Amino acid sequence: MKKIQLAHSPDADDIFMYYAIKFGWVETKDYEFDNIGLDIETLNVEAMKGTYDVSAISFGMYPFIKDEYAMLRTAVSFGDGYGPKLIKRKDKTLKRNFKVALSGKYTTNALLFRIYYPEARPVYMDFLEIEQAVVSGEVDAGVLIHESILDYDESLEVEKEIWDIWVELAGEGLPLPLGGMAIRRSLPLNRAIEIENILIDGVKVANDRKEELCTKLEADSLVRISDKMLTQYLDMYASDESVELSELQLKALDKLYEIGFEKGVFTEPIKTEDYLIPKEYEALRNS
């Protein structure tokens, strides 16, 4: 068996998209996938070190690892009219240099936030700690991500939706890129193609057997939310739109990297298509 390190975050959409493979519902050929669960900013940092074979990443940091990792077409998360939320206490008025808690320096929401609020003072912490940091007054505001956007303390209110920031920067008609997967370029190309196809099948099977999978994830205490809230969250971030990058999603990613270049975050604009695993190789091998 060829062992592959598959690193992902412990939030519900990542768990959902990968555990059809973990439960043996997908044909994995001669591969054994070793699931590693870490928060998204840790995954971003480890990807910059080249630690794992396959890793979930924030789309906003991909240009920093493009030479070491190819982007995968599957297990992608985009917002469409929704996304992370900048929240504050209802009795708080934010100054221009407000102190804000973000879930990580390299997350996509942090990239967009810093572009939009250049005078704010970011501090970085685990996303599970952000809500309480705002409630306690440790910070003036915070950006909620993952499941925390669905249910937060009644003393808090939304100051700005990251979705609205995205629309102001990118224009109408494009989904908000959040996170995806990357695979180490040092793996042989034929192996990389096989792994990508297995992961695509995993997301397809997860969606096809959604009710059964959710029941098992809840029964095994593998997700932090349940019932209607879990279904609502998965409908947002782990749906048929997550199976394989669409042309519209590719356009959104290109726009994200264009904005990042124009604002001085990236050294060059990139076209996402150039950094995907070339499918032509598979077609030539089978011709």
Side-chain angles (χ1 to χ4, degrees), residues 1-11 13-38 40 42-59 61-78 177-209 213 217 222 237-246 249-250 253 270 272-287:
M1 297 289 286
K2 175 69 174 176
K3 182 167 282 192
I4 297 295
Q5 297 168 313
L6 176 60
H8 57 79
S9 79
D11 59 288
D13 55 323
D14 275 15
I15 293 291
F16 176 81
M17 289 191 282
Y18 308 141
Y19 264 64
I21 294 172
K22 183 75 171 178
F23 292 150
W25 297 356
V26 177
E27 170 57 51
T28 57
K29 298 187 175 182
D30 63 340
Y31 296 97
E32 180 184 347
F33 290 93
D34 183 14
N35 287 66
I36 300 160
L38 297 166
I40 188 58
T42 299
L43 292 174
N44 288 334
V45 171
E46 293 303 317
M48 295 179 79
K49 299 176 186 177
T51 303
Y52 300 113
D53 299 319
V54 183
S55 180
I57 59 162
S58 296
F59 281 133
M61 62 79 66
Y62 179 73
F64 299 118
I65 61 168
K66 61 184 176 58
D67 295 329
E68 290 76 33
Y69 283 84
M71 188 182 293
L72 292 178
R73 294 173 173 83
T74 194
V76 298
S77 293
F78 286 73
L178 294 170
M181 296 287 289
I183 186 168
R184 201 201 306 270
R185 291 189 183 278
S186 59
L187 290 169
L189 180 56
N190 64 315
R191 290 285 189 180
I193 291 171
E194 288 177 341
I195 291 167
E196 180 174 61
N197 287 338
I198 290 168
L199 293 176
I200 289 172
D201 287 345
V203 181
K204 284 180 180 176
V205 170
N207 280 297
D208 289 344
R209 300 172 65 174
L213 180 55
L217 292 175
L222 292 169
Y237 293 124
S239 65
D240 290 339
E241 298 298 318
S242 303
V243 175
E244 201 161 354
L245 280 169
S246 68
Q249 289 171 338
L250 286 170
L253 284 169
I270 68 171
T272 310
E273 190 78 42
D274 296 336
Y275 294 90
L276 302 174
I277 297 172
K279 288 284 193 180
E280 296 82 2
Y281 179 80
E282 184 178 26
L284 287 171
R285 288 188 71 206
N286 295 329
S287 62

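These numbers come from a predicted model, not from an experiment.
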- request: Report the C-alpha separation of Ile277 and Leu72 in whole Å, then their side-chain angles, then the decisive distance to 0.1 Å, and conclude whether the side-chain contact (heavy atoms from CB on, under 4.5 Å) test is met.
  value: CA-CA 7 Å; Ile277 297 172; Leu72 292 178; 3.5 Å; yes
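Here CD of Glu273 is found 11.0 Å from CG of Leu253. Values are rounded to the nearest 0.5 Å. With rounding to the nearest 0.5 angstrom, the OH atom of Tyr275 is 6.5 Å from the CG atom of Asp67. Expressed to the nearest 0.5 Å, how far CG of Leu276 lies from OG1 of Thr272 amounts to 7.0 Å. The CD1 atom of Ile195 sits 4.0 Å away from atom CD1 of Ile183, with the distance rounded to the nearest 0.5 Å. Interatomic distance, Tyr19 OH to Leu217 CG, rounded to the nearest 0.5 Å: 8.5 Å.
Not counting sequence neighbours, the partners of Tyr18 by the ring-ring contact (aromatic ring centres under 6.0 Å, His included) test are His8. When the side chain to side chain donor-acceptor pair (under 3.5 Å) test is applied to Lys49, the partners found at least two apart in sequence or on another chain are Glu46. By the salt bridge (charged side-chain N to carboxylate O under 4.0 Å, His left out) test, Arg185 is found to be paired with no residue, residues two or more places apart in sequence or in another chain being considered. A search for side chain to side chain donor-acceptor pair (under 3.5 Å) contacts involving Lys66 returns Glu268, not counting sequence neighbours. Listed by chain and residue number, Arg191 satisfy the salt bridge (charged side-chain N to carboxylate O under 4.0 Å, His left out) test with Asp30 (two or more places apart in sequence, or in another chain). Ser55 meets the side chain to side chain donor-acceptor pair (under 3.5 Å) test with no other residue; sequence neighbours excluded. For the salt bridge (charged side-chain N to carboxylate O under 4.0 Å, His left out) test, residues two or more places apart in sequence or in another chain that qualify with Asp53 are Arg184. The side chain to side chain donor-acceptor pair (under 3.5 Å) search around Thr74 returns none, not counting sequence neighbours. Qualifying side chain to side chain contact (heavy atoms under 4.5 Å, CB included) partners for Glu241, counting only residues two or more places apart in sequence or in other chains: Ser239, Gln249. Residues that satisfy the ring-ring contact (aromatic ring centres under 6.0 Å, His included) test with Phe59, not counting sequence neighbours, are Phe78.
When side chains are defined from C-beta on, Leu6 counts as touching Leu199, because their heavy atoms get closer than 4.5 Å. Counting heavy atoms from C-beta on, the side chains of Ile200 and Val243 come closer than 4.5 Å. Using a 4.5 Å heavy-atom cutoff, the side chains of Tyr69 and Val54 are not in contact.
Sorted by first then second residue, the salt bridge (Lys or Arg N to Asp or Glu O under 4.0 Å) pairs that include residues 195-208, not counting sequence neighbours, are Arg73-Glu196, Glu196-Lys279.
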Result block: side-chain N/O donor-acceptor pairs under 3.5 angstrom for residues 21-28, not counting sequence neighbours:
residue : atom : partner : partner atom : Å
Glu27   : OE2  : Lys29   : N            : 2.7
Thr28   : OG1  : Tyr31   : O            : 3.3

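Pro10 and Ile15 get closest at one heavy-atom pair: O-CG1, 3.8 Å.
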